[in-house]
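Model, not experiment: these values are computed from the prediction. All residue numbers in this chain count up from 1 along the given sequence.
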Amino acid sequence: MHLILFIFSPVKSCLDELSCLLNLADIQAALYELCWQVVQGNLKLDVVVSVLGDMMVNVFYYVFSTCLLNKIKSIHQKCTNHGHFSPYFLFIPLCHVSPILKERLDPETLESLGLIKQAHQFNQKIVKIKTKLFYKQQKFNLLREENEGYAKLITELGQDLSGNITSHLVLESIKSLIGCFNLDPNRVLDIILEVYESRSDQDEFFLSLIKSYMCEPITLCHILGFKFKFYQEPNEETPKSLYHIAAALLHHNLIELEDLYVHLMPLDAVIVEEHKRDISEAKQIARKLVMVVLPSEKSEDREKDKEKEEEKNEKPPDNQKLGLLEALLRIGDWHHAQSIMDQMPSFYATSHKAIALALCQLVHLTVEPLYRRAGVPKGARGCVMLPLKNTRAPRPAESFEDLRRDTFSMLCYLGPHLSHDPILFAKIVRLGKAFMKEYQSDGRADVKDKMETLLSCFLSIADQVLLPSLSLMECNACMSEELWGLFKLFPYQHRYRLYGQWKNETYSSHPLLVKVKAQTVERAKYIMKRLTKENVKQSGRQIGKLSHSNPTILFDYMLSQIQWYDNLIVPVVDSLKYLTSLNYDVLAYCIIEALANPEKEKMKHDDTTISSWLQSLASLCGAVFRKYPIELAGLLQYVTNQLKAGKSFDLLILKEVVQKMAGIEITDEMTSEQLEAMTGGEQLKAEGGYFGQIRNTKKSSQRLKEALLDHELALPLCLLMAQQRNGVVFLEGGEKHLKLVGHLYDQCHDTLVQFGGFLASNLSTEDYIKRVPSIDVLCNQFHTPHDAAFFLSRPMYAHQILSKYDELKKSEKGNRQQQKAHKYVTACEQVMAPVHEAVVSLHPARVWDDLRPQFYATFWSLTMYDLAVPQAAYGREVNKLKAQIKAIEENPEIPLNKKKKEKERCTALQEKLQEEEKKQVEHVQRVLHRLKLEKDNWLLAKSTKNETITKFLQLCLFPRCIFSSIDAVYCARFVELVHQQKTPNFCTLLCYDRVFSAIIYTVASCTENESHRYGRFLCCMLETVTRWHSDRATYEKDCVNYPGFLTIFRATGFDGGNKADQLDYENFRHVVHKWHYMLTKASVHCLETGDYTHIRNILIVLTKILPCYPKVLNLGQALECRVHKICLEEKDKRPDLYALAMGYSGRLKSQKVHMVPENEFHHKEPPARSTTPATQQNGPGSTGKPATSTSKTEEGTPEDGGERLNAVREMFILCSTKAVKERDEKEKAGKEKKEKKEKTPGSTPETKLENRREKQRDERTGKEERAAREGKEKTPKADREKLKAEEKNSKDDKAKAGNGEAVEPSREREGIKEFKSKEKGDRSAVSGSLKSPVPRSESAESERDQKRRKLDSHSSPSHSSSVKVSMA
C-alpha cells in the first residue's frame, strides 16, 4: 500500500507541475500554428505527429522525474532509519532517472543504491569536470575562426543606423556570423563594445543590442575591466568614450558597480593618502605665510618648492574612478555617482573641476523648472536648458519640496566648488530668496513643519555651499550682493551663526580653503602696513577687492591691528567705503566677536582702568555704524545681554554709538556757554551745546531709533542701565579697585543719561508714551531708582502736557494770554494728577507730612528748559550765524552756487533759533504762572522747617544735583525760584546753610563725574549767594520781606513779616563768611585724609567753585598751603592727583588778586579805643566762630567791651534764637539813636537823659544774658587764657601797624597755625548750622563735640550721612 502511494503521489504532483509550467493558451497557440503549417503544406503530417509524441514524452519524463526525486529527497530527510527507506528505491530503476539522481543525491547515497561504484572516485571525477569547465582556459583554434566573419561583424555594427535598422535585426545577423564563421562569442562582445565606444552617441541601439546579446553580467564586467586595465600604465590616458559606455552600462543595470569598481585605479587607500597629503601641504604653506622667515631660509624654501613642482609636473596615471564618476554625472546617473563619491574623502571628487562642472550641470537641469517659475527676476532673460533625454535621470523639481529629493544632496556633495559655476550660484540664491518670501508670507499651520524643514535645508546649503564657494570666487562683488539679498531675509541670529561657522570652521575643511585663508592674511598684512590717511582711496579699493571673497579673515586681522594701534581707526573707517552690503554685515559680526573674546581682559593690568583695546573697538563701532548702513540689532542685543549678565564694561560701546550716530555728547567738562545752550531747545543744543559741530546725524539717528524699536530694546536697555548702577557697586565691584568701580559707575550713569536723551529727542510722542510705563510701575515693579525713573518719565510728562494743551486750545478758541495760561494750568493738572497719586507709593507715609506729592512731582518733572530762557546763548548763536554769512559773502574763492547754499543754510538756522527762542519764552511764562498758583500747596506746616528742608534735601535736591550737569544747574535754580515765589514754610536760609555746612560726606561718597556735577551745583548756589552778598540793594530786593529769610522756624505763614524776624544785610554777610569758612574747613579735612577719593573729589569740587570761592584772603591762603602740600606728596605716588592739584593751584593763584581781606568781606566795626582787643580775622585758624567786634559807645568801659566781644561771638553763630534776634534788634535801634544824636546839633538835656537810661537798660540786659549764659555754658579756663592771648596778640599787631610794620604775613601764619591746632584740639560748641532756640547742657555739648570729632576723623563717611544730618 505504501509503495502504491509512493508511486502515484509523484504522478499527481507531476500533473500539477505540468499545469503550472505550461499555460493552456500557449499550448493551444502552438498546436494551432502546427496545424496551420500542415494545412498550408509547409510541414508533413507524419513529421508533426512524431514530434508531438516525442515532445510529450520528454516533457512528461522530465517533470515526473523531478517531482519523484523531490519526493524521495523529502522522505530521505525525514527518515532516520535507512533500513525503512530502502524499499522505496526498488521503484527507481523502473523510472530511468539515474542521471537526475546523480545530480541531486549525495555520493554516499548513490553508492548505496548501486548507481555508482565508489563515492570517492565519483568525487574526484566531479572536481576534474568543474576545473575543466570553470578554471581551465579554453584554447580555441584561431585557424578555425575566419577573419571574414570579424570583418562582416564590424561592417554590420558600423552600418548607418538612421533607417529601420534595429538591434534585433543586427543581433540575428551577429548570431548568423558566429555560427557561420565559428566566432568566439566573448570576442564578438568585445568587438561590440569597441564599436559602441567609437559610436558612443548611439546609446539606445547598442544598449539594446548588448542587453539582447548578454550572457552573464560578470563576463561583460570582466571585458570592461580588461579594457580599463590596459590604460593603467603611466602616461596613458583612458578615453572618455570608455567611461561613457561603462557609465551607460551601469545606468541600465547591465553590470554592477561593485564588480566594475575593483578593476578601477587608484585604490581607495591611495586616494585617502593623497587627500591627507594635500591638507598637510596646504597647512604648511599657511604656516610659511604667517611665519617670519629669514632671507637665507627663503632661498632654501624656494628651491624645495621648485623640486615639488617638478615632481608634480610628472603626469600621474589617470584616476579612472573620477573619470567614471564624471561620465555618470554627464548622463544623469546620480545614484551610482553618489555611491562612488561616498567611497572618497569629503569634497575630494568635486575638487576636480571637470566633476564639479558636471555636477553643476546636473543641478542646473534639476532646478530649471522651479527656477523658471519662482526664481527668475523681473525683466531677466535666461537661456532655457533642455532636460536630459535619459528617463532615469533625477526628476526636475517643480516645487520647493522637490528640492529635498535630490538637489540639496547634490549641492552638499558639491560644497565649496560651486564657485566654478557662478550662474548656478546665483540661481540657488534666487531660489532661496523666493522661498523666504513664501515662508514669511505663508502662515498656514498645516505647512508650517514643512516650511521649517525647508528653512533648515536652505540654512545648511548657505553654510556648507554658498559661503565656502564665495571664498573661492576671486573678487566677485556681484555674487556678494546677490547673496546679501538672501541673507538679509534671515534674522541676524541665523546670519551671525553662519558667519561664525564660515570664519571658524569652514576654512579648515578643505586644502584649497586653507590656502586661501593664508593668502588673504598675507595680503591683508601688506595692505595694512601701507594704510595711511593719504592713501585711503587706493588702500580702500584693495581692501574692497579682498573683502568680496573672504571678509571674515580680512576683518579679523584688521580688528586685531586696531586693538593695538588706535591711530588706525580713522583711515580704516574711511577705507571701508568700497565694501558690499554683505561685507558690512560680516564686519558687524566680527566686531561683536572681538568684543566677546573671552581670552582678552577688559581691564588693564593695574585693574583701575578699562583696557585700551576695548576703548579702540568702541571708538571704531561709533565711527563705522554712523558712516555706513550696518544693522545695529546684533550689537545692541550684545550690550543688552552683557547688562543682563551684570557686566557693564561694554556700555562704553553703546555710549560711543549713541554719541556718534545721534550727536549726543555726555561730558562734565562743559563750558558755561555750552551749559547755558543745553538749557534751550534742540536746535540750540545742536549748535552750541556740544564740543563738535553736530551735522548729518539725521539718517544715522533714524537707523538707531528703528533698530531699537524693531527689536524692542529701548526700554530694556534703559531699565538695565538704571539697575546696573547699583550693580556696579554692590555686585560687580566686589574685588575691583575703587577707582575702576567709580569709573564703571560713571560710565553706566552717563550712558543712561545719554541714551535717555536720545530716546526723548528722537522718539515720537506715541512711541515714547507707549513704551515707558508709569512712575510707580518703574520704581515698584522694575526696581528702577527714583532719579532714573523720573528721568525716563520726564519727557513723557512734557509730551502729554503739550498734547493736552493743544487739545484745549483747539476746543476753546481764545487768543488772550491769560486764557492760554489758564488752559496750560488745566492741562498740567489733568496730566499730573495721576502722577501725584502714583508718587505716594514711592516713600513712607511720614515723608508726606512735610512735603506734598504735588511739590515732589513738580520738582522731578520740570527741567531747566521750563524755568529760564538762555537768551544770551540764543544771541551768541545767532551772531555766529550772521558772522558766517558775512564771511561767506566776503570770500571770493567760494563758487556762487555754494555761496547761495551756505547762506540759505545759515539763514534757515538763524530763523529756527529765533523761532525756538520765542516758543521757549512763551513756555517759561506759562510754567512760572503755573508754579505761582501751585506754590501755596507745596509744603505743609505739620513739622518744623528744619525737617521739611531735610526731606527736601534727601529726596529731591541731593539725588538730582549729581544726576547731570544740567540737573545741577536746575537744582540751584529751583531753590532760588522757590524762594522768589515766596513759598510758605520754605526756609531759604536754612536750605543754603545745610548745603554749605555738610559737604564732607557728600564729597566723599561721590564718583569722579558726580564730583564735577556736585561742584557745579555748589558753584551755582554760591553765585546766587555772592550776588546777594555783593550788593545791599540786591539783597533787599531779593531777600528782605521774603519768607525764606525768616529766622522764626516754626512760623506757619507769612504776612509781610515782622522786621525783627528778618535777617538783615550785615548779618547775612556774616553768615556768608561762616559758609565760606565751613567750606574751607571741609576742604582742608578732605585734603589731609590722604584718601585718594577724598582728595580727588574735593580738588574737582574746588576747581568747579573757583569763580565764587574762595573770596576771603586768609581762607584762600589756607587752601593754597594744603594744595601745595598735596603737590609735593603726590608727585611720584599718584600722578592723577598731582595733576589735579597742580591745575587747581595754578588757577587759585590767578584768582588771588580777586580775594579780599575778611574785614572787607563782611563788616567789622573798629575796636574800642583803649583796652578792647583788636579785630581778629575769622579764618580757618580761629575757634570756628565768625568773630567780629561790636560797636562801642563813647561811654563804654573796658569790661563792657570784653563782655560785648563775647556776646557778639555768640550772636553771630547765625542769630537763630528769638532772644538773640531781639537783642540784635535792640542793639541796632541803639546804634540808630546814637547816630541820630550825633547828627543832631545841640542836644537837649532831655535827650541826654533818655540816652543814658537806654544805655543802662542795655547794660542790664547784657549782664543778665551773660549771667544766664555763664550759668549754663561756662567758658573753660583754657579758653579764657586763649582769649586773653588773642587780645594781647591783637594789641601787639596794632602797635606794630602803628609803627608802620607789615602784619599781614604774620596773620597768615597765625591763621594757618591756629587752624591746625583747632582741628587737632577741642572743637567748640559752634555747629555749622543754624542754632535751635532750645538750650543745651554742658554735657550735651561735650557729647556732640565727641561725635563730631569721630565723624571728622572718619576716613570714608557714607553718602547717607550727608543728607541725614539734622540741623542743630
Side-chain angles (χ1 to χ4, degrees), residues 492 496 555-556 558-560 562-564 566 568-570 572-573 576 584-604 609-667 697 700-701 703-705 707-708 711 713-714 716-725 727-728 732 740 743-759 1009:
Y492 75 89
Y496 285 3
F555 295 147
D556 187 52
M558 292 175 69
L559 292 175
S560 67
I562 287 172
Q563 292 174 50
W564 284 102
D566 56 356
L568 282 174
I569 294 175
V570 175
V572 164
V573 171
L576 296 177
Y584 285 129
D585 200 49
V586 174
L587 176 61
Y589 165 76
C590 291
I591 290 175
I592 295 172
E593 188 185 47
L595 291 169
N597 187 357
E599 297 178 358
K600 280 191 171 278
E601 288 290 336
K602 295 186 178 180
M603 294 182 295
K604 288 185 177 178
T609 51
I610 296 177
S611 296
S612 56
W613 70 267
L614 183 58
Q615 297 175 5
S616 300
L617 285 180
S619 300
L620 178 71
C621 284
V624 166
F625 283 93
R626 179 187 182 275
K627 190 167 186 178
Y628 302 109
I630 307 176
E631 186 175 346
L632 287 151
L635 187 71
L636 295 174
Q637 187 63 56
Y638 167 74
V639 175
T640 306
N641 293 341
Q642 291 295 99
L643 285 174
K644 286 182 183 178
K647 300 175 182 177
S648 57
F649 286 100
D650 296 286
L651 278 175
L652 180 63
I653 302 154
L654 183 62
K655 183 179 179 182
E656 288 288 336
V657 168
V658 175
Q659 178 175 333
K660 296 290 175 56
M661 295 189 71
I664 299 176
E665 293 181 9
I666 291 296
T667 177
T697 59
S700 57
S701 60
R703 285 195 296 113
L704 179 58
K705 183 189 80 170
L708 290 168
H711 295 84
L713 291 174
L717 274 172
C718 289
L719 298 180
L720 286 169
M721 283 188 281
Q723 295 167 0
Q724 186 61 22
R725 289 190 305 167
V728 168
E732 194 177 358
L740 178 62
H743 182 73
L744 292 177
Y745 184 94
D746 284 336
Q747 177 178 285
C748 186
H749 179 83
D750 292 347
T751 309
L752 171 64
V753 174
Q754 180 192 38
F755 190 72
F758 166 76
L759 295 179
N1009 289 356

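- Taking NE2 from H711 and CG from L632, the interatomic distance works out to 10.0 Å, rounded to the nearest 0.5 Å.
- Residues L617 and I653 have side chains not in contact (no heavy-atom distance under 4.5 Å, counting atoms from C-beta outward).
- If you take SG on C621 and CD1 on I592, they are separated by 8.0 Å, rounding to the nearest 0.5 Å.
- The CD1 atom of I562 lies 6.5 Å from the CG atom of L568; values are rounded to the nearest 0.5 Å.
- A 4.5 Å side-chain heavy-atom check between L651 and M721 finds at least one atom pair inside the cut-off.
- Judged by distance alone, the side chain of Y584 and the main-chain N or O of L576 form a donor-acceptor pair under 3.5 Å.
- Between D566 and S612, every side-chain heavy-atom pair lies at or beyond the 4.5 Å cut-off.
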Does V572 form a side chain to side chain contact (heavy atoms under 4.5 Å, CB included) with M558? I'd like the steps, not just the answer. CA-CA 8 Å; V572 164; M558 292 175 69; 3.6 Å; yes
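- The minimum heavy-atom distance linking I630 with A588 is given by the pair CG2-CB, 3.6 Å.
- Between K644 and L720, the closest heavy-atom pair is CG-CD1, 4.0 Å.
- Atoms CG and CD, on L614 and E601 in that order, are 11.5 Å from each other to the nearest 0.5 Å.
- Between the CG atom in N1009 and the OH atom in Y745 there is a gap of 11.0 Å [rounded to 0.5 Å].
- Put simply, the side chain of R725 reaches to within 4.5 Å of the side chain of C748, judged on heavy atoms.
- Closest non-hydrogen pair, K705 versus F758, comes out as N-CZ, 3.8 Å.
- Shortest non-hydrogen contact noted between V657 and L635 is CG2-CD2, 3.9 Å.
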Might you work through the side chain to side chain contact (heavy atoms under 4.5 Å, CB included) test for V573 and L620, ending with a clear yes or no? CA-CA 8 Å; V573 171; L620 178 71; 3.6 Å; yes
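- A distance-only check finds a donor-acceptor pair linking the side chain of Y638 to the backbone of L595 [under 3.5 Å].
- Taking the side chain as every heavy atom from C-beta outward, V639 and Q642 never approach each other to under 4.5 Å.
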Side chain to side chain contact (heavy atoms under 4.5 Å, CB included) for D650 and L654? Distances and angles first, verdict last. CA-CA 7 Å; D650 296 286; L654 183 62; over 6 Å; no
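- Proximity of a side-chain donor or acceptor of Q747 to a complementary backbone N or O of H743 within less than 3.5 Å is not detected.
- Under the 3.5 Å distance criterion, the side-chain polar atoms of E656 are left unmatched by any main-chain donor or acceptor of G622.
- With contacts defined as side-chain heavy-atom distances shorter than 4.5 Å, the pair L587/Y628 does not qualify.
- Shown here for K660 and R626, the closest heavy-atom pair between the two residues is O-CD, 2.7 Å.
- Taken to the nearest 0.5 Å, the CG atom of L652 stands 10.0 Å off from the CG atom of L744.
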How far apart are the C-alpha atoms of L759 and L708, what are their side-chain angles, what is the distance that settles it, and do they pass the side chain to side chain contact (heavy atoms under 4.5 Å, CB included) test? CA-CA 10 Å; L759 295 179; L708 290 168; 4.1 Å; yes
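- Judged by distance alone, the side chain of S700 and the main-chain N or O of M661 form a donor-acceptor pair under 3.5 Å.
- When all heavy atoms of F625 and E631 are compared, the pair lying nearest together is CE2-O, 3.6 Å.
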